[in-house]
Amino acid sequence: MLILTRKPGEKVRIGDDIIIHVVEIGKGNVRIGVEAPKDVSIMRDEVVERIEEENLQAAKRNRNTLVHAASLLKNKTMMKSGDVPTGKPAARRRRVVTPKQPLKGDSNKE
């Protein structure tokens, strides 16, 4: 790690296209400005750490979901096309029931 001492108004260059400006020095903190190309990401370290932690948590949730789905599939027997299902179907199908008489407020009254 390089440690530098700078005064307000002084700058530090990183490579050819990044400039760090010391804007203000206060009690317990330093305000800096960063000039960098738009394709360079500049974030506070605590924000990066929070994003990484949330990504890890999301990956764990997704993995748990995938493991659960895989165990469900493993426990089911796959049917070949043309097989006649036996027992309870995996998913209930809705039957469409058409009324013999038009419903109240039906615009297709005969």
Side-chain angles (χ1 to χ4, degrees):
M1 176 187 328
L2 174 65
I3 300 174
L4 301 172
T5 302
R6 302 277 73 202
K7 296 177 183 173
E10 294 182 332
K11 303 172 190 173
V12 176
R13 286 187 177 264
I14 301 174
D16 292 332
D17 52 1
I18 299 175
I19 302 172
I20 308 294
H21 298 267
V22 178
V23 177
E24 181 182 332
I25 299 173
K27 294 181 182 178
N29 62 25
V30 176
R31 294 187 70 200
I32 60 171
V34 181
E35 279 184 58
K38 291 186 184 236
D39 63 328
V40 174
S41 176
I42 302 171
M43 289 191 282
R44 297 186 330 250
D45 189 50
E46 61 271 17
V47 172
V48 173
E49 289 174 357
R50 175 87 184 263
I51 291 170
E52 288 172 351
E53 179 62 30
E54 288 182 9
N55 286 342
L56 284 173
Q57 294 300 323
K60 286 179 185 177
R61 284 191 300 270
N62 287 342
R63 184 182 184 289
N64 290 341
T65 302
L66 288 173
V67 168
H68 180 67
S71 69
L72 290 175
L73 287 174
K74 186 177 179 181
N75 292 332
K76 289 186 177 182
T77 57
M78 301 297 282
M79 290 179 35
K80 296 177 186 173
S81 63
D83 285 352
V84 176
T86 59
K88 248 184 174 178
R92 291 186 179 178
R93 295 185 181 145
R94 291 185 177 186
R95 292 189 317 176
V96 178
V97 179
T98 55
K100 294 180 181 178
Q101 295 179 351
L103 298 173
K104 289 182 181 179
D106 193 354
S107 59
N108 296 331
K109 291 182 182 178
E110 293 177 11

* Asked: Between Met43 and Ile51, does a side-chain contact (heavy atoms from CB on, under 4.5 Å) hold up when you go through it step by step?
  -> CA-CA 11 Å; Met43 289 191 282; Ile51 291 170; 4.2 Å; yes

* To do: Consider only side-chain heavy atoms of I, L, V, M, F, W and Y, link residues closer than 4.5 Å, and tell whether Ile32 and Ile42 are in one cluster.
  => yes

* Asked: Rounded to the nearest 0.5 Å, how far does CD1 of Ile25 lie from NZ of Lys27?
  -> 14.5 Å

* Asked: salt bridge (charged side-chain N to carboxylate O under 4.0 Å, His left out) with Glu54: which residues, sequence neighbours excluded?
  -> Arg50

* Identify the two heavy atoms, one from Arg6 and one from Lys11, that lie closest to each other, and give their separation to 0.1 Å. => NH1-O, 3.5 Å

* Is it the case that one hydrophobic cluster holds both Val30 and Ile14, taking links as side-chain heavy atoms less than 4.5 Å apart, direct or via other members? -> yes

* Determine the minimum heavy-atom distance between Val23 and Gly33, stating which atoms define it. => CG2-N, 3.7 Å

* Asked: Should Val40 and Val34 be regarded as members of a common hydrophobic cluster, given that ILVMFWY residues are connected when their side-chain heavy atoms come within less than 4.5 Å of each other, either directly or indirectly?
  -> yes

* Asked: Quick check: are there more than 12 heavy atoms from other residues, nucleotides or ligands sitting under 6.0 Å from CZ of Arg31?
  -> no

* Asked: Shared ILVMFWY cluster between Ile18 and Leu2, side chains joined below 4.5 angstrom?
  -> yes

* **Atom pair CD/CZ of Glu35 and Arg13 - distance to nearest 0.5 Å** => 8.0 Å

